[in-house]
Amino acid sequence: MKSITRGTLAAVVAGVAAAVGAAAAPAAAVGTVPVPVPLGGAETALGTELPRVGGQLPLPTVGGPEGPRFVQGRLLPERVVPQLPVEGGLPGLDAGVPPAPVLGHGLDHMTVDAPASELRALSPGLSVGAPLAEPKAGGSGLPDLNQPELGVLTPALSTTPGAVLTAGLGS
């Protein structure tokens with residue numbers, strides 16, 4: 001292959017790799033999608049100041065389940081149906097309201113900012129005991145029957161929401 005052809009091919013491959021990397025980075029970095037509520041037209045039509053409302057909707061992501069664990073002395077794995085981790089978030093809210101004159105003349109805005117918060121969940125799982133025991137050396141070598149065993153692995157949910165309420169002069 002000529003050096004000009006190799007150089008052109010290397011430039012094309014580098015350009016494609018840079019384009020794919022640049023396109024994938026923003027998609028992976030986005031954890032929430034902003035949701036504005038446009039009230040500008042209603043403000044103009046009504047001739048009054050309306051609340052400012054917006055929000056964020058989180059994008060849930062599903063993780064990989066933990067594989068079954070084999071335990072010595074058991075015929076079936078410890079977790080037949082594994083728990084599935086899901087990560088996402090609680091929706092956020094950003095709202096501002098012009099206060100009523102009843103609250104006094106010193107206030108010109110009230111805002112609530114509740115950012116989207118991280119949420120982690122773990123789906124329920126299932127653990128089942130084997131219906132037969134290990135064969136014993138004595139006797140005919142046939143396995144004994146076991147008592148039925150069924151265990152439900154409890155789901156888990158974890159989050160830390162927060163909010164800030166502001167009232168005062170200025171925006």
Side-chain angles (χ1 to χ4, degrees), residues 10-71 74 76-129 149-171:
V12 168
V13 169
V16 169
V20 169
V30 173
T32 61
V33 176
V35 181
V37 179
L39 296 174
E43 261 185 14
T44 307
L46 297 174
T48 184
E49 189 177 358
L50 292 178
R52 174 185 47 83
V53 180
Q56 304 96 26
L57 290 177
L59 299 173
T61 56
V62 178
E66 189 177 312
R69 288 186 249 171
F70 292 95
V71 179
R74 292 185 60 160
L76 295 176
E78 188 177 52
R79 296 178 180 195
V80 175
V81 178
Q83 292 179 301
L84 183 65
V86 178
E87 292 188 16
L90 295 176
L93 172 70
D94 182 20
V97 179
V102 177
L103 296 176
H105 298 290
L107 299 175
D108 69 345
H109 77 280
M110 292 176 65
T111 61
V112 174
D113 183 21
S117 56
E118 188 174 314
L119 175 73
R120 294 175 187 227
L122 199 58
S123 71
L126 187 65
S127 182
V128 178
E149 294 178 12
L150 178 67
V152 177
L153 306 171
T154 59
L157 184 65
S158 144
T159 187
T160 310
V164 176
L165 174 65
T166 308
L169 295 172
S171 54

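On a predicted model such as this, the values are computed, not experimentally measured, just so you know.
Checking side-chain atoms of S127 against main-chain N and O of G151 turns up no donor-acceptor pair under 3.5 Å. No donor-acceptor pair closer than 3.5 Å links the side chain of T111 to the backbone N or O of A95.
Residue E87 holds its CD atom at 9.0 Å from CG of L119, rounded to the nearest 0.5 Å. In this structure, the separation between CG on L90 and CG on L57 is 11.5 Å, given to the nearest 0.5 Å. Atom CD of Q56 sits about 7.0 Å away from atom CG of D94, to the nearest 0.5 Å.
Taking all atoms of both residues into account, the shortest heavy-atom contact from G89 to P58 is O-CG, 2.8 Å. Summarising the geometry of T160 relative to S117, their closest heavy-atom pair is O-CB, 3.6 Å, with the distance given to 0.1 Å.
Residues P124 and L153 form no side-chain contact, since every pair of their non-hydrogen atoms from C-beta on lies 4.5 Å or further apart. The side-chain heavy atoms of V112 and V164, taken from C-beta on, include no pair separated by under 4.5 Å.
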